[in-house]
Peer 1: 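Have a look at the structure that comes next, please.
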Amino acid sequence: MVAIEGRTIGKQMIIKLPDRKEFLKDNSENKFNKLAIFDISGFGNINHYYGYEIGEKILELISQRLQGKFQDSKIYYLGADIFAVTSPKEVIKDRFIQSIKSIIWYFGYSPIEVDEHKIYIPLKAGVAINYPELLMSAEFALKQSKNLKHNLVIYDSEEHHICQPNAQSIEQDLYWESEIIQAVKKDRFEVYAQSINSLNSKKYEVLVRMRNSKDEIVSPYFFINRAKKINLYAEITKKVIQKSFEFFENKKVEFSINLSIGDILDKEVVDFLIQKIYEYQISEYLILEITESEGVENIEELVSFIKIIKNFGVKIAIDDFGTGYSNFSYLVKLQADFIKLDGSIIQEINKSKSAKAVVEAIVFFASKVGIKTVAEFVSTKEIYETCKEINIDYFQGYLFDEPKNVKDLKIGKGF
């Protein structure tokens, strides 16, 4: 539980969190293995412009939000505009990181209302996980976030040492990290696309591939998760946005790009996406694919993002629907325009009565609320015919085509 003591400013009660002294004591006793240090960007300017009383109220509102979001962690006020959040081993690492991203998103895109002023509070965070010198590592990460102009830098001592490592696994990680870094620097990411077909129209899903140092095309299987570990995933997303917008500009055909919940919680990625939507005036043809299971824990931020992006005329597709959360009210809340039925179910549609029944139920619901359906992994004519009988709207898979470089796409005026 967070210790609270109060003092009054006007009619506002200021929450007093555990201070730096208590934090240093807990740190010396090794009570946590995960630490995030938050810094309010430009807080001095807020004090000077709005006054110190409003500055105090903002600190109190931030402390309340941190306590609400990190219910299994301990929050400290370290002084000035610095907060710390610590988490014990029992709290899952990915959950801790997602909560940090969620907080950064919340304050970056939701203004705080104080005395009739609406004020945006951009946060930066430095995170350290499983380091002996946790405080020093987190402070260095925060410094790096400012140097790199990122809102979040994470140092995790275990990222190179997963699952009882040996020299070969470490060497593999280092090799791929080097390849990814060079690919980002030398712009060696390429945009591929696979068609999504109906009986009378066609659209495309954009996919990413990497060209390695041997000039070979590499599947995302080898680089996506590793890019996330070294904080370069956002750079890849931005390259996909840039290159796909460049290609589809003036094509007048719908196309979709995939966004992870990490992308959506990353203010820099969202700002870049919105900037490019303005620049290319392509929103009426753009579809954003969001994986069904990823957004469940961050539903508030996801709904907020979708409201913003739909104002531009962008459509939303829920990817891999049918194997994860699969809540129909979730679809309505997210204002989905398309449901992409998970390929593992589609492949079983002629082999399993249960799989077919699940697909029929989803298609029935979707038709009632005006959501279009897409069958993924349509690899045979038999699967295609069954999907047609069930009244699925669109079909994607190797029966129609394999993903190909967009440079090789021939898009006519009819699409």
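Along the sequence shown, the residues carry numbers beginning at 1.
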Peer 1: With no hydrogens and no angle check, just 3.5 Å: does a side-chain donor-acceptor pair link Gln182 and Ser213?
Peer 2: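 Result is no, nothing qualifies.
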Peer 1: Assess Lys276 against Phe245: is NZ or CZ under 6.0 Å from the centre of the six-membered ring, and within 45 degrees of the ring's axis?
Peer 2: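 No, Lys276 does not lie over the aromatic ring of Phe245.
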Peer 1: With the side chain counted from C-beta on, respond yes when Ile282 and Asn250 share a heavy-atom pair under 4.5 Å apart, and no when they do not.
Peer 2: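 SC-SC contact between Ile282 and Asn250 ruled out.
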Peer 1: Any chance the side chains of Asp266 and Tyr233 put a donor and an acceptor closer than 3.5 Å?
Peer 2: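 Side chains of Asp266 and Tyr233: no pair found under 3.5 Å.
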Peer 1: Do Glu235 and Lys238 sit within salt-bridge range, that is, some charged N less than 4.0 Å from a carboxylate O?
Peer 2: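 Yes.
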Peer 1: Give, for atom CG of Asn130 and atom NZ of Lys89, the distance between the pair rounded to the nearest 0.5 Å.
Peer 2: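 One gets 7.5 Å once the value is rounded to the nearest 0.5 Å.
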Peer 1: Does any part of the side chain of Asn212, heavy atoms only, come nearer than 4.5 Å to the side chain of Ile217, both counted from C-beta?
Peer 2: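 With C-beta onward as the side chain, the pair stays apart.
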Peer 1: Find out whether the Lys NZ or Arg CZ of Arg211 is both under 6.0 angstrom from the six-membered ring centre of Phe189 and within 45° of the ring's axis.
Peer 2: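 No - Arg211 does not lie over the ring of Phe189 by the 6.0 Å and 45° rule.
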Peer 1: Can you measure from CG (Leu134) to CD (Glu139) and round to the nearest 0.5 angstrom?
Peer 2: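 Here the rounded value is 10.5 Å.
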Peer 1: Can you name the closest pair of heavy atoms from Ser283 and Ile277 and give their distance?
Peer 2: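 So the two residues come closest at CB-CG2, 3.8 Å.
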Peer 1: Could you check if a side-chain atom of Leu334 sits within less than 4.5 angstrom of a side-chain atom of Ile299, using non-hydrogen atoms only?
Peer 2: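 Side-chain contact under 4.5 Å: yes.
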Peer 1: Answer yes or no for Lys251 and Phe247: cation-pi contact, defined as NZ/CZ to six-membered ring centre under 6.0 Å and angle to ring axis within 45°.
Peer 2: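 Lys251 over Phe247 ring: yes.
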Peer 1: From Ser367 OG over to Asn391 CG, what is the distance, rounded to the nearest 0.5 angstrom?
Peer 2: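 One gets 8.0 Å once the value is rounded to the nearest 0.5 Å.
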Peer 1: Check for a donor-acceptor pair, side chain of Ser304 on one end and backbone N or O of Glu300 on the other, with a separation under 3.5 Å.
Peer 2: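 Pair absent, no side-chain N/O of Ser304 close to backbone of Glu300.
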Peer 1: Which pair of heavy atoms, one from Leu17 and one from Ser63, lies closest together, and at what distance?
Peer 2: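 Distance-wise, the nearest heavy atoms are CD1-CB, 3.6 Å.
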Peer 1: Would you call the rings of Phe395 and Phe400 parallel, tilted or perpendicular if under 30° counts as parallel and over 60° as perpendicular?
Peer 2: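 Parallel, since the angle between the ring planes stays under 30°.
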Peer 1: Which of these, Glu289, Lys203, Glu205, sits in a side chain to side chain donor-acceptor pair (under 3.5 Å) with Ser256?
Peer 2: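 Testing each of Glu289, Lys203, Glu205 against Ser256, the sole residue satisfying side chain to side chain donor-acceptor pair (under 3.5 Å) is Glu289.
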Peer 1: Roughly how far, to the nearest 0.5 Å, is CD1 of Ile62 from CG of Leu123?
Peer 2: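 Answer rounded to 0.5 Å: 5.5 Å.
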Peer 1: Could you work out, with ring-ring contact (aromatic ring centres under 6.0 Å, His included) as the rule, every residue matching Tyr398, not counting sequence neighbours?
Peer 2: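 Checked Tyr398 against ring-ring contact (aromatic ring centres under 6.0 Å, His included); zero matches.
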Peer 1: Looking at Asp187 and Lys239, is there a salt bridge between them, counting it only when a charged N and a carboxylate O are closer than 4.0 Å?
Peer 2: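 Salt bridge: yes.
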Peer 1: Taking the inter-plane angle between the rings of Tyr155 and Tyr131 on a 0 to 90° scale, is it parallel (under 30°), tilted (30 to 60°) or perpendicular (over 60°)?
Peer 2: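 Rings of Tyr155 and Tyr131: perpendicular, over 60°.
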Peer 1: Please find out if less than 6.0 Å separates the ring center of Phe223 from that of Trp176.
Peer 2: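 For Phe223 and Trp176, the ring centres are not under 6.0 Å apart.
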Peer 1: Could you tell me the separation between the NZ atom of Lys34 and the CG atom of Asp156, rounded to the nearest 0.5 Å?
Peer 2: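 Reported to 0.5 Å precision, the distance equals 9.5 Å.
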Peer 1: Testing the 3.5 Å rule here: is there a donor-acceptor pair between the side chains of Glu268 and Asn151?
Peer 2: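 Judged by distance alone, the side chains do not pair up.
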Peer 1: Looking at Glu301 and Lys69, is any side-chain nitrogen of the basic one under 4.0 Å from a carboxylate oxygen of the acidic one?
Peer 2: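 A salt bridge links Lys69 with Glu301.
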Peer 1: So Val85 and Lys74, do their side chains get closer than 4.5 Å, heavy atoms only?
Peer 2: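 Sidechains of Val85 and Lys74: no contact.
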Peer 1: Check the surroundings of atom CD in Glu133: do more than 12 heavy atoms from other residues, nucleotides or ligands lie under 6.0 Å from it?
Peer 2: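 No.
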Peer 1: To the closest 0.5 Å, what do you measure between CD (Glu254) and OH (Tyr285)?
Peer 2: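 Reported value, rounded in 0.5 Å steps: 9.0 Å.
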Peer 1: So is Lys340 actually on top of Phe321's ring, under 6.0 Å and inside 45° of the axis?
Peer 2: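 No, Lys340 does not sit over the ring of Phe321.
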Peer 1: Start with the C-alpha distance between Tyr76 and Asp26, add both sets of side-chain angles, then the distance that settles side-chain contact (heavy atoms from CB on, under 4.5 Å), and finish with yes or no.
Peer 2: CA-CA 11 Å; Tyr76 306 79; Asp26 290 347; 2.6 Å; yes
Peer 1: Check Lys101 against Gly262 and note the closest heavy-atom contact, atom names and distance.
Peer 2: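 Shortest heavy-atom separation between Lys101 and Gly262 comes out as NZ-CA, 4.2 Å.
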Peer 1: Taking the basic N atoms (NZ, or NE/NH1/NH2) and the acidic carboxylate oxygens, is any pair closer than 4.0 Å for Lys31 and Glu29?
Peer 2: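 Here Lys31 pairs with Glu29 in a salt bridge, since their nearest N and O are under 4.0 Å apart.
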Peer 1: Looking at Ile92, I'd like to know if its CD1 atom is crowded, meaning that more than 12 non-hydrogen atoms belonging to other residues, nucleotides or ligands lie closer than 6.0 Å.
Peer 2: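 No.
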Peer 1: At their closest point, which heavy atom of Ala375 faces which heavy atom of Cys387, and how far apart are they?
Peer 2: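 Here Ala375 and Cys387 meet closest at CB-SG, 3.9 Å.
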Peer 1: Looking at every non-hydrogen atom in both residues, tell me the closest pair between Glu376 and Asp319 and how far apart they are.
Peer 2: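 In terms of heavy atoms, the two residues are closest at OE2-OD1, 3.1 Å.
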Peer 1: What verdict does the salt bridge (Lys or Arg N to Asp or Glu O under 4.0 Å) test give for Arg209 and Glu216, after you've listed the backbone C-alpha separation in whole Å, the side-chain angles of each residue and the deciding distance to 0.1 Å?
Peer 2: CA-CA 10 Å; Arg209 301 289 185 266; Glu216 301 166 332; over 6 Å; no
Peer 1: Using atom types as modelled and distance alone, determine if a side-chain donor or acceptor of Glu179 lies under 3.5 Å from a backbone N or O of Tyr175.
Peer 2: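 A pair under 3.5 Å: no.
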Peer 1: Crowded around Lys310 NZ? As in, over 12 foreign heavy atoms under 6.0 Å?
Peer 2: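 Correct, the count exceeds 12.
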Peer 1: Is there a side-chain contact between Leu288 and Phe305 (heavy atoms, below 4.5 Å)?
Peer 2: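 In contact.
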Peer 1: Does the ring center of Tyr204 lie less than 6.0 Å from the ring center of Phe255?
Peer 2: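 For Tyr204 and Phe255, the ring centres are not under 6.0 Å apart.
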Peer 1: Any chance the side chains of Asp401 and Ser195 put a donor and an acceptor closer than 3.5 Å?
Peer 2: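 Checked: Asp401/Ser195 side chains pair up, N/O donor to acceptor below 3.5 Å.
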Peer 1: Hey, can you tell me if Phe312 and Tyr278 have their rings parallel, tilted or perpendicular (30° and 60° cut-offs)?
Peer 2: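 Rings of Phe312 and Tyr278: perpendicular, as their planes differ by over 60°.
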Peer 1: Taking 4.0 angstrom as the limit, do Lys57 and Glu53 come out as a salt bridge?
Peer 2: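 So Lys57 pairs with Glu53 through a salt bridge.
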Peer 1: Closer than 3.5 angstrom, by distance alone: can the side chain of Arg95 be matched with the main-chain N or O of Val91 as a donor-acceptor pair?
Peer 2: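 It does not hold such a pair.
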Peer 1: Might you work through the side-chain contact (heavy atoms from CB on, under 4.5 Å) test for Ile261 and Asp263, ending with a clear yes or no?
Peer 2: CA-CA 5 Å; Ile261 191 65; Asp263 290 323; over 6 Å; no
Peer 1: Can you find a pair of side-chain heavy atoms, one from Tyr192 and one from Val206, that are under 4.5 Å apart?
Peer 2: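 In short, these two side chains do not touch, never coming nearer than 4.5 Å.
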Peer 1: Heavy-atom count check: over 12 atoms from other residues, nucleotides or ligands less than 6.0 Å from Phe377 CZ?
Peer 2: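 Atom CZ in Phe377 is not crowded, with 12 or fewer foreign heavy atoms closer than 6.0 Å.
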Peer 1: Return yes if a side-chain donor-acceptor contact under 3.5 Å exists between Tyr77 and Glu60, otherwise no.
Peer 2: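 Judged by distance alone, the side chains do not pair up.
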Peer 1: Start with the C-alpha distance between Leu142 and Val153, add both sets of side-chain angles, then the distance that settles side-chain contact (heavy atoms from CB on, under 4.5 Å), and finish with yes or no.
Peer 2: CA-CA 7 Å; Leu142 180 61; Val153 170; over 6 Å; no
Peer 1: Are Phe83 and Phe38 an aromatic pair, judged by ring center distance below 6.0 Å?
Peer 2: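 Centroid distance Phe38-Phe83: not below 6.0 Å, so no.
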Peer 1: Please find the pair of heavy atoms, one from Val270 and one from Ile264, that lie closest to each other, and give the distance.
Peer 2: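 Shortest heavy-atom separation between Val270 and Ile264 comes out as CG2-O, 3.5 Å.
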Peer 1: Is a donor from one side chain sitting under 3.5 angstrom from an acceptor on the other, for Ser201 and Ser198?
Peer 2: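 Yes - a donor-acceptor pair under 3.5 Å links their side chains.
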Peer 1: The test is side-chain contact (heavy atoms from CB on, under 4.5 Å); show your working for Phe70 and Phe96 and say whether it passes.
Peer 2: CA-CA 8 Å; Phe70 293 92; Phe96 183 66; 4.1 Å; yes
Peer 1: Do Val114 and Leu61 come close enough that some side-chain heavy atom pair is under 4.5 Å?
Peer 2: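 Yes, side chains in contact.
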Peer 1: Sequence neighbours left out, what passes ring-ring contact (aromatic ring centres under 6.0 Å, His included) with Phe338? Give chain and number order.
Peer 2: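 By the ring-ring contact (aromatic ring centres under 6.0 Å, His included) rule, Phe338 matches no residue at all.
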Peer 1: Contact between Asp393 and Val374 at the side-chain level, heavy atoms closer than 4.5 Å - yes or no?
Peer 2: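 No; the side chains remain at least 4.5 Å from each other.
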